Amino acid sequence: MVKGRLLKAMQRKQFVDLMYISKSGEITKRRVKVINVTNESFHAYCFTKNANRTFLIENVLSMLPVIRKESAVIS
């Protein structure tokens with residue numbers, strides 16, 4: 001299920017907020033842009049670390065797409 005949502009976010013070029021558990025057991029919140037998804041992991045640009053990172057899909061605790069509202073000018 002998470003993999004499918006990651007693929008959708010990648011196709012839509014949508015940012016995603018993640019709750020993620022690291023290998024050391026630390027839980028962090030990350031805002032990422034998904035670049036590539038494989039069977040067990042995904043590659044993303046992490047805005048928290050300002051760098052490309054690889055994440056394990058099984059370590060994603062929760063995931064929400066970032067909804068950006070565009071301001072419209074009505075003339």
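These figures come from a predicted structure and were not determined experimentally.
In this structure, Arg5 CZ and Ile57 CD1 are separated by 12.5 Å, a value rounded to the nearest 0.5 Å. With rounding to the nearest 0.5 Å, the separation of CE in Met63 from CE in Met1 is 9.0 Å.
Hydrophobic clustering of Ile, Leu, Val, Met, Phe, Trp and Tyr side chains at less than 4.5 Å, counting indirect connections, unites Val32 with Leu7. No continuous path of hydrophobic side-chain contacts links Val16 to Leu61 [ILVMFWY only; heavy atoms under 4.5 Å].
Annotation: side-chain hydrogen bond (donor to acceptor under 3.5 Å, both in side chains) contacts involving residues 50-63, sequence neighbours excluded, comprise His43-Thr54.
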Distance-only criterion, 3.5 Å: show the donor-acceptor pairs between side-chain atoms of residues 33-41 and protein atoms not counting sequence neighbours.
{"residue": "Thr38", "atom": "OG1", "partner": "Ser41", "partner atom": "N", "Å": "3.2"}
{"residue": "Thr38", "atom": "OG1", "partner": "Ser41", "partner atom": "O", "Å": "3.0"}
{"residue": "Thr38", "atom": "OG1", "partner": "Ser41", "partner atom": "OG", "Å": "3.0"}
{"residue": "Asn39", "atom": "OD1", "partner": "Lys3", "partner atom": "NZ", "Å": "3.0"}

Using distance only, find each side-chain donor-acceptor pair of residues 18-27 under 3.5 Å and give its atom names and separation, not counting sequence neighbours.
{"residue": "Tyr20", "atom": "OH", "partner": "Leu56", "partner atom": "N", "Å": "2.9"}
{"residue": "Ser22", "atom": "OG", "partner": "Ser24", "partner atom": "N", "Å": "3.4"}
{"residue": "Ser22", "atom": "OG", "partner": "Ser24", "partner atom": "OG", "Å": "3.0"}
{"residue": "Ser22", "atom": "OG", "partner": "Glu26", "partner atom": "N", "Å": "3.1"}
{"residue": "Ser22", "atom": "OG", "partner": "Glu26", "partner atom": "O", "Å": "3.4"}

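Side chains of Lys49 and Arg30 form a contact here, defined as non-hydrogen atoms less than 4.5 Å apart.
By the salt bridge (Lys or Arg N to Asp or Glu O under 4.0 Å) test, Arg31 is found to be paired with Asp17, residues two or more places apart in sequence or in another chain being considered. Remark: Phe47 pairs with Phe15, Tyr45 by the ring-ring contact (aromatic ring centres under 6.0 Å, His included) rule, at least two apart or across chains.
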